[in-house]
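Report on the following structure.
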2 protein chains.
Amino acid sequence: MSKHRDAPRQRRGSAQPTLQRVAEAAGVSPITVSRALNNPEQVKEETRNRVLDAVERLGYVPNLVAGSLASSRSRFIAVIVPSLANAVFIEVIKSLQDTFEQQGYQILLGNTDYDTDREYQLVRTFLGWSCSALVTAGLRHNEACRHLLANCEKPVMEVMELGDAVDLNVGLDHREAGRCMARHLLERGYRSIVYVGACLDRDYRAGLRYSGHREVLEPAGRDTPLVELPTFGGLEAGAGALERALAEYPGTDAIHFANDDLATGALLHAHRLGKRVPEDIAIAGFNGLPLGQHVTPRLTTILSPRETMGRLAAEQVLRRLEGKGVTRRRQDVGFTLVAGESS
Amino acid sequence: MSKHRDAPRQRRGSAQPTLQRVAEAAGVSPITVSRALNNPEQVKEETRNRVLDAVERLGYVPNLVAGSLASSRSRFIAVIVPSLANAVFIEVIKSLQDTFEQQGYQILLGNTDYDTDREYQLVRTFLGWSCSALVTAGLRHNEACRHLLANCEKPVMEVMELGDAVDLNVGLDHREAGRCMARHLLERGYRSIVYVGACLDRDYRAGLRYSGHREVLEPAGRDTPLVELPTFGGLEAGAGALERALAEYPGTDAIHFANDDLATGALLHAHRLGKRVPEDIAIAGFNGLPLGQHVTPRLTTILSPRETMGRLAAEQVLRRLEGKGVTRRRQDVGFTLVAGESS
DNA sequence: CGTTATCATGATAGCGCTATCAGCAAAGCA
DNA sequence: TGCTTTGCTGATAGCGCTATCATGATAACG
């Protein structure tokens, strides 16, 4: 009797004004408020102003969760990367974000820590949020994840590398990049070239580059020694790697590093060891980070167009979301060998 | 007559299985499925297994949007930073994400591009997604934004700097950091010290450090010339700034840079110009990025505990979300002067 | 002038989940 | 034995919005 069942009791949540309240304040129906906010052109100017006034006056903040449920659309773009410690992914994220935010999409950022099971969980979560599209760094997923991606009926963009993608693909050929650098070092006359990378099983793109490296050096009759670091690391790790490479392979005259951080760390450390670069030891990297171009000697590296990659990826996805066909499902952004003085 | 009104027509969206469908498959009610997934301990093991089986079999992916609407809770943490181009923010984001993801929260990343109106829009959007808490980099907001933050009844954490926060605050005193470095340079005997920064109106924390710098140098009877770059930039900009500072203030014997990127760019460029550091020109930075510690001479800088800042911030927010009281509403993480050989 | 298009707005019915309150069996207690 | 407590499950009623269809008013047309 005293349980006012009919009274719309405030169950939970805050006393934030709702669309309903705004409608009352503006003397229109809720749906008109919705239209005034989301499809302004469908509402007569005078009505619209009345609504916007009420919105302002009440401090109404639309509940996007409710809107998303009702329309089964959200303006989320899921972006999944293996790590935030690597500047390369940051740059791609940045350029994705620039492009997507401009179109009113919100990035949902996920970090797998190079763990495919974690990636699967992230994809589930993001699909649960009705994201509009997914962008993942890389082509390697576990079985369940690939299945989910293939069947989710949303644009799926795989960036960074080129290959057998689920849907859309923008990237470069890492194996070819490895070949390219190996060829360059051969041409420069280096004979004992060590490849240095970290956790090649997880950073498998560095592994692909090593494969390319071997594909060039082996036919040329050269050894292809590998120094694999057990953990990721930046400049510091590069310094250590230099010492390890020189100790383990005494005749080494060039080192092909898996990335610019390692390479630059090694280059700076070589100074401290009194080694001349490239006379005593040549050094090459991968990525083309600005850092490498500001040291002396400048780092020989391969420039990957990360900015372009992110932008193109975002543009393809947007095109799909807008119902326009994609121009190309697979897009090779290429790379550029930057021959510095370190080799 | 032929409009089967009663048939639950598939209005929109996909044919993804729903909780309802899973319930049918498992022979229980929907609410039991919900509990089996979200509060497993409330469901008998046998029932739970039956449910989980059905989930697996149907490939059910929970609709988090619906769940969030019903519970008016999401597991989103809004993180708002002014830029992704700056490594400092990246590191804070990274450490926030590490801590929050571990507790099952999802980061909603927003980038203001140093625009307070954009920040306001982001806050509105994030509140619309019923985020559980907001973390913003910095204390400066526009009127509307501050009002929204103050009245949203969610934990609001402002990181990076210390001061008059809306709610929670973890950071360091930038003005004091500026003073500290200025004192250091004075003690080392430098007499003509230029401060170099970029866009100090937007990067106002660098402006605060300049204020501290002046507070120390002016009473000591020194000039406090400023070189302000019109755009943000990394190493490249630092190189240019060095030349500008030397050209505009010929007697300069030390440069206090607003950050390590600029400082390191200048330091590397000094080599190329044939200037000795610190004999011809001393160089100091701010942040304590690894980079600065790997060049020769090592960069004198101020180490800001960014990792700690992010972690502490996340922990305070989590404590609040778990209903435990925060230990401290304002937390000074301090900083450390790292005296390298560049000064 | 009747007929059809177009415009502006509204009524209704969910979107897929969870909060809340109920119910009922088994267990604990005096 | 009757009573309360605990454990497990279910029925009901929304969360705050938008899709869909309907309506009345005005404009366009021959």
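Model, not experiment: these values are computed from the prediction. So you know, we letter chains A, B, ... as the sequences are listed, proteins then strands, and number each from 1.
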The helix from C:dC1-D:dG30 to C:dA27-D:dT4: angle between its terminal axes, five pairs each, to 10°? 30°
Residue that, paired with A:Arg35, satisfies side-chain contact (heavy atoms from CB on, under 4.5 Å) out of A:Thr47, A:Val51, A:Val43: A:Val43
Nucleic acid contacts - residues 26-35 of chain B versus DNA chain C, non-hydrogen atoms under 4.0 Å: B:Ile31, B:Ser34
From CG of B:Leu19 over to P of C:dG16, roughly how many Å is that when rounded to an integer? 11 Å
Just the rounded figure in Å: distance from C1' of C:dG16 to CG of A:Leu127. 16 Å
If I take atom CG in residue B:Leu64 and atom C1' in nucleotide C:dC17, what distance separates them, rounded to the nearest angstrom? 10 Å
Please give, in whole Å, the distance from D:dC15 C1' to A:Gln16 CD? 14 Å
Stepwise side-chain contact (heavy atoms from CB on, under 4.5 Å) test for A:Glu161 and A:Asn169: CA-CA 8 Å; A:Glu161 66 187 303; A:Asn169 187 204; 5.6 Å; no
Does a sphere of radius 6.0 Å around CD in B:Glu143 hold more than 12 heavy atoms from other residues, nucleotides or ligands, not counting ones at 6.0 Å or beyond? no
Is the number of heavy atoms from other residues, nucleotides or ligands within 6.0 Å of CZ (B:Arg73) greater than 12? no
Among A:Lys154, A:Arg329, A:Glu315, which one satisfies side-chain contact (heavy atoms from CB on, under 4.5 Å) with A:Arg320? A:Arg329
Value in whole Å for how far the C1' atom of D:dT12 lies from CD of B:Gln20: 14 Å
Aromatic ring proximity B:Phe76/A:Phe76, centre distance under 6.0 Å: yes
Both conditions, 6.0 Å and 45 degrees, for the charged tip of A:Arg140 above the ring of A:Tyr204: are they met here? yes
Integer-rounded Å distance: C:dC15 P and B:Asn63 CG: 11 Å
Identified side-chain contact (heavy atoms from CB on, under 4.5 Å) partner of B:Val65 from the options A:Ser130, A:Ser71, A:Ser72, A:Ser74: A:Ser130
For D:dT18, does OP1 or OP2 lie under 4.0 Å from any side-chain N or O of A:Arg73? no
If you count the non-hydrogen atoms of other residues, nucleotides and ligands that lie under 6.0 Å from CD in B:Glu307, is the total more than 12? no
Stepwise side-chain contact (heavy atoms from CB on, under 4.5 Å) test for B:Asp167 and B:Met157: CA-CA 6 Å; B:Asp167 182 11; B:Met157 168 63 80; over 6 Å; no
Taking atom C1' of C:dA13 as reference, at what distance in whole Å does atom CG of A:Leu69 sit? 13 Å
Single hit among B:Leu122, B:Ile80, B:Val123, B:Thr112 for side-chain contact (heavy atoms from CB on, under 4.5 Å) with B:Cys145: B:Val123
What residues 37-51 of chain A contributes to the DNA chain C interface at heavy-atom separation below 4.0 Å is A:Val43, A:Lys44, A:Thr47
